[in-house]
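In what follows, every chain begins at residue 1, and chains take the letters A, B, ... in the order their sequences are listed.
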There are 2 protein chains.
Amino acid sequence: MSLIKQSSTIQQNKKIALNLCPVTYTLEKIGGYWKPFIIYHLVEGVKRYGELKRAIPAITEKVLIQHLKQMESDGLIIREAKAVVPPFVTYRLSVAGLKILPVIQAMAQWATDDMEQSTSDHLAAD
Amino acid sequence: MSLIKQSSTIQQNKKIALNLCPVTYTLEKIGGYWKPFIIYHLVEGVKRYGELKRAIPAITEKVLIQHLKQMESDGLIIREAKAVVPPFVTYRLSVAGLKILPVIQAMAQWATDDMEQSTSDHLAAD
DNA sequence: ACAAGTACTTACCCCAAAGTGTGTATCCAT
DNA sequence: ATGGATACACACTTTGGGGTAAGTACTTGT
């Protein structure tokens, strides 16, 4: 899955950051390009792979799978496959995935606030 | 400032994501590699450029400046320079920067919770 | 017999973020 | 006059995430 060079400075720094900073830890888990979208759609409930794909048309299959695998191994979502053919695979949020929803909600709230404020100008905080 | 190719698919997708998803908007602003560290140190109050540099030894000057410029133009922090020599430049959080602190706090909280949970095993959410 | 649907997998390319290294103007202390 | 401190700027390289495109195994529908 696209090998990573553990020796590279960037990986060393990532380790430093993960040790020192819990915020970086969280960013690692939800920071993928389309991960917020996936979470958003899984809030509605259990979804099949194909449903997610159709719900997010701009995402490519490779990246979708990639994100799903990462989020699964990160414990954010749960994959369940029925041993039938054609395959029947579903995804849903785990406990940790559910617990992160308020955080995401807070991020969204700040964003909408900030977008409104930006129409007027930023002023200094004394 | 490293020019960006507006035509690339990734930039197109970024625009799509920013329009559709406020979470992505927030991730854009705090998602930089060392931005959480910068914010963390500015919580203590006004800091000079050199103080920040010494507070985060692993960061290079280029990336530090880069992040500071971005965060300034994003309205998260405020730069103030005294017209003296040698230069005297300080950075501090703006209103928007202060408002995002609870969000960051929530992210940190989720992270520490999740790290604890990960020592035991993840179970499905019914 | 052939296409369509399912859930992936693999090889390859592109590019922007991060890292490396050097340069700059001015002042002060030694 | 030489070096250090200040706050950057600029050119260059690396790297890893994301995009493109094609293939796979197996079944059902026509």
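For the pair Ile10(B) CD1 and dC15(C) P, the interatomic distance rounds to 10 Å; values are reported in whole Å. When the P atom of dA7(C) is taken as reference, atom NZ of Lys69(A) falls 12 Å away, rounded to whole Å. In this structure, Leu64(B) atom CG and dC8(D) atom P are separated by 9 Å, rounded to whole Å. Rounded to whole Å, the distance from CD on Gln70(A) to P on dG16(D) is 13 Å. Between the P atom of dG18(D) and the NZ atom of Lys14(B) lies a distance of 10 Å, rounded to the nearest Å. At whole-Å resolution of the value, CD in Gln12(A) and P in dG16(D) are 11 Å apart. Per the geometry, CD1 belonging to Ile4(A) stands 20 Å off P belonging to dA17(C), to the nearest Å. When rounded to the nearest whole Å, the span between CD of Gln66(B) and C1' of dT20(C) equals 13 Å.
Between Tyr33(A) and dC15(C) there is no side-chain N or O to OP1 or OP2 distance below 4.0 Å. Side-chain N/O atoms of Arg79(B) include one lying less than 4.0 angstrom from OP1 or OP2 on dC8(D). Considering only side-chain N and O atoms, Arg48(B) lies under 4.0 angstrom from the phosphate OP1 or OP2 of dA7(D). Contact check, Arg54(B) against dA7(D): no side-chain N or O comes under 4.0 Å of OP1 or OP2. One finds a side-chain N or O of Asn13(B) lying less than 4.0 angstrom from the OP1 or OP2 phosphate oxygen of dG19(D). Between dC8(D) and Tyr91(B), a contact under 4.0 Å exists linking OP1 or OP2 to a side-chain N or O. In this model, the phosphate group of dG16(D) is approached by a side-chain N or O of Ser8(A) to a distance below 4.0 Å at OP1 or OP2.
Put simply, the side chain of Lys62(A) and the base of dG18(D) share a donor and an acceptor less than 3.5 Å apart. Not a single donor-acceptor pair, N or O on each side, falls under 3.5 Å between the base of dG16(D) and the side chain of Lys5(A).
Listed by chain and residue number, nothing satisfies the side chain to side chain donor-acceptor pair (under 3.5 Å) test with Gln12(A) (two or more places apart in sequence, or in another chain).
Both Leu18(A) and Leu27(A) are assigned to one and the same hydrophobic cluster, defined by single-linkage of ILVMFWY side chains at heavy-atom distances under 4.5 Å. Linking ILVMFWY residues whenever their side-chain heavy atoms come closer than 4.5 Å, directly or via other members, places Val103(B) and Met115(A) in the same cluster.
Taking the side chain as every heavy atom from C-beta outward, Tyr91(A) and Glu51(A) never approach each other to under 4.5 Å.
Side chain of Val85(B), nearest nucleotide from dT26(C), dT27(D), dT6(C): dT26(C). Among the nucleotides dA7(C), dC26(D), dG19(C), the one closest to the side chain of Tyr49(A) is dA7(C).
The residue Gln11(B) sits close only to the backbone: its heavy atoms come under 4.0 Å of sugar-phosphate atoms, none of a base.
Comparing Trp34(A) and Pro87(A) along DNA chain D, the residue whose closest nucleotide (by nearest heavy atom) sits nearer the 5' end is Trp34(A). A residue-by-residue look at Glu51(A) and Thr9(A) shows that Glu51(A) has its nearest nucleotide of DNA chain C further toward the 5' end.
Listed for the Lys29(A) side chain is no donor-acceptor partner under 3.5 Å among the backbone atoms of Leu76(A).
Residues Ala96(A) and Trp110(B) approach most closely at O-NE1, 3.3 Å, considering heavy atoms.
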